[in-house]
Visitor: 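Structure below; questions to follow.
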2 protein chains.
Amino acid sequence: MNITPLLNSISKYVSLTDKEIEYLESKVFIRKYLKGQYVVQQGDVCKYECYVLSGCTKTFYVDQEGQEHIIMFSIEDWWTSDMGSFISQTPADFNVQCLENSELIMISHDVVDDLYREIPKLERFFRKIVERAFVASQKRIVRNFSLTAKEQYLYFREQYPLIEQRIPQYMIASYLGITKEFLSKIKSQLILEQ
Amino acid sequence: MNITPLLNSISKYVSLTDKEIEYLESKVFIRKYLKGQYVVQQGDVCKYECYVLSGCTKTFYVDQEGQEHIIMFSIEDWWTSDMGSFISQTPADFNVQCLENSELIMISHDVVDDLYREIPKLERFFRKIVERAFVASQKRIVRNFSLTAKEQYLYFREQYPLIEQRIPQYMIASYLGITKEFLSKIKSQLILEQ
DNA sequence: AAATGATATTAAACTAGATTAACATCATCG
DNA sequence: CGATGATGTTAATCTAGTTTAATATCATTT
């Protein structure tokens with residue numbers, strides 16, 4: 001089992017001993033998903049926090065009218081799950097679905113407490129990861145407030161050029177909170193402008 | 001110094017020994033602010049994470065056009081700061097201003113590392129606090145996507161009845177991301193409906 | 001190469017919410 | 001008391017983005 005990318009990611013925040021690494025390896029596992037498969041389904045309890053080794057997922061929400069709203073994409077070296085469901089073990093609000101064949105490192109809710117007890121440094125690691133996620137989420141709220149759809153699209157394109165290339169445009173529209181038709185209009189406007 | 005409300009809040013997640021409580025008390029301090037005073041100013045580095053003992057703050061952002069957008073309100077037993085600025089000690093994106101005379105427990109960036117080292121349980125406490133904040137932030141993004149302005153207002157009123165009473169309507173409009181005129185229209189519609 | 005399904009574009013009609021501006025109410029304070 | 005500033009309302013006009021629907025492109029499979 002090769003969890004090296006996760007270990008590298010952890011080592012940016014805390015340094016684990018060989019023994020701790022061994023313990024961590026013994027408690028997590030890798031799971032392969034095919035394109036289209038669900039990691040989490042709305043309504044189920046989310047049992048895992050997942051680190052993306054390869055591939056790509058979308059986290060989305062289906063509203064009462066049946067409309068799909070994409071909350072985030074996760075690619076290599078990102079985390080994915082429904083944290084609300086995971087931390088309180090209640091039914092998930094979100095779906096997580098693979099957009100490509102993907103390999104995820106799965107941390108089960110059954111073992112997180114063991115992990116935190118045996119490797120207190122992981123508590124620090126995850127605190128910092130979540131702090132960053134929270135800050136990013138707040139910044140997104142600010143963007144929703146103060147940018148036009150065009151500005152938000154330009155921001156997305158600049159920040160996540162790698163993601164834009166891997167994902168169909170109608171999903172980017174959903175992520176930006178606009179219709180695919182309007183994103184198409186924005187893109188043709190941008191072409192005329194330059 | 002009476003930090004009892006903070007200790008009660010901590011005790012919901014982890015239990016501290018008397019010695020740990022003493023250490024915590026020695027590292028934090030209480031500061032009083034008058035209505036209108038700023039706890040954090042956009043552009044400054046945010047030095048403190050603040051627990052609200054009494055009073056009320058708004059966290060807001062002034063965009064390029066000079067428009068104010070309220071990100072959150074904090075009342076008793078909530079935390080406030082610009083976390084992005086605090087964790088990376090870079091200039092703050094947000095302002096935090098007191099809407100009432102307020103008393104805050106201040107945790108300086110200079111002491112957080114000491115606190116985490118001496119009281120590892122605090123690392124767990126803050127991890128859980130931030131996890132919840134992140135989940136709440138994500139849910140707000142969902143609401144922005146899938147609810148109309150009226151629905152968002154009704155949700156706010158239901159979730160934060162205490163806050164609504166303490167805060168002028170135009171600030172609630174700003175928090176909801178709509179104009180004060182439109183909120184006024186929504187309210188008169190609601191009166192007609194019932 | 002034809003067929004199928006998924007993705008993208010275009011354009012017309014429509015609407016939620018913004019903007020502007022005038023006016024109303026309320027609180028506080030000299 | 002009247003005046004001042006802050007807060008809230010109403011209504012007309014405007015616009016960013018939606019809806020609907022038709023068409024186009026592209027990829028995959030047979």
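Bear in mind that the values here come from a model prediction, so they are computed numbers and not experimental data. Quick note on labels: first sequence line is chain A, next is B, and so on, each numbered from 1.
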Visitor: Might you confirm whether atom CD of B:Gln159 has over 12 heavy atoms from other residues, nucleotides or ligands at distances under 6.0 Å?
Guide: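 Buried by this count: over 12 neighbours within 6.0 Å.
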Visitor: Consider side-chain contact (heavy atoms from CB on, under 4.5 Å). Of A:Thr59, A:Thr57, A:Leu99, A:Val52, which one does A:Phe73 pass it with?
Guide: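 Single pass found, and it is A:Leu99.
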Visitor: Figure out the CD1/C1' separation between A:Ile167 and C:dA6, and round it to whole Å.
Guide: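 After rounding, the gap between these two atoms is 16 Å.
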Visitor: Quick one: does NZ or CZ of B:Arg143 land under 6.0 Å from the six-membered ring centre of B:Phe156, within 45 degrees of the ring axis?
Guide: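 Checked: cation-pi criterion not met.
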Visitor: Can you confirm if the NZ or CZ of B:Arg127 lies within 45° of the ring axis of B:Tyr13 and under 6.0 Å from the centre of its six-membered ring?
Guide: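 Judged by the rule (NZ or CZ under 6.0 Å from the ring centre, within 45° of its axis), B:Arg127 is not positioned above B:Tyr13.
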Visitor: Quick one: do the B:Ser137 and A:Gln138 side chains pair a donor with an acceptor below 3.5 Å?
Guide: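 Looking only at side-chain atoms, A:Gln138 and B:Ser137 do not form any donor-acceptor pair under 3.5 Å.
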Visitor: Once salt bridge (Lys or Arg N to Asp or Glu O under 4.0 Å) is applied, do any residues pair with A:Lys58, and if so which ones, sequence neighbours excluded?
Guide: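 Listed in chain order: A:Glu68.
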Visitor: Go along nucleotides 10-23 of chain C 5' to 3' and tag each nucleotide: B for a protein heavy atom under 4.0 Å from its base, S when only backbone or sugar atoms are that close, - otherwise.
Guide: B------BSBBB--
Visitor: Rounded to whole angstrom units, what separation is found between the CE atom of A:Met171 and the P atom of C:dT7?
Guide: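 Whole-Å distance recorded here is 6 Å.
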Visitor: Would you mind reporting whether A:Asp18 and A:Glu22 have side-chain heavy atoms less than 4.5 Å apart?
Guide: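 They are not in contact (no side-chain heavy atoms under 4.5 Å apart), so the answer is no.
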Visitor: Tell me every residue that passes side-chain hydrogen bond (donor to acceptor under 3.5 Å, both in side chains) with A:Thr17, counting only those two or more places apart in sequence or in another chain.
Guide: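 Partners of A:Thr17 under the side-chain hydrogen bond (donor to acceptor under 3.5 Å, both in side chains) test: A:Glu20.
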Visitor: Are any side-chain N or O atoms of A:Ser74 and backbone N or O atoms of A:Trp79, one a donor and one an acceptor, separated by less than 3.5 Å?
Guide: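 Confirmed, A:Ser74 side chain pairs with A:Trp79 backbone.
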Visitor: What does the inter-axis angle of the helix from C:dA1-D:dT30 to C:dG30-D:dC1 come out as, five pairs per end, nearest 10 degrees?
Guide: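 For the helix from C:dA1-D:dT30 to C:dG30-D:dC1, the axes at either end differ by 30°.
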Visitor: Rounded to the nearest angstrom, tell me the gap between atom CD in A:Glu68 and atom P in C:dT7.
Guide: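 Atom-to-atom, A:Glu68 to C:dT7, this comes out as 11 Å.
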Visitor: Walking along DNA chain D from 5' to 3', note the first and the last nucleotide with an atom under 4.0 Å from a heavy atom of chain A, and give both.
Guide: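 Terminal contacting nucleotides, 5' to 3': D:dG17 to D:dA21.
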Visitor: Does B:Glu100 have any side-chain hydrogen bond (donor to acceptor under 3.5 Å, both in side chains) partners at least two apart in sequence or in another chain, and if so, which?
Guide: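 Only B:Arg166 meet the side-chain hydrogen bond (donor to acceptor under 3.5 Å, both in side chains) criterion with B:Glu100.
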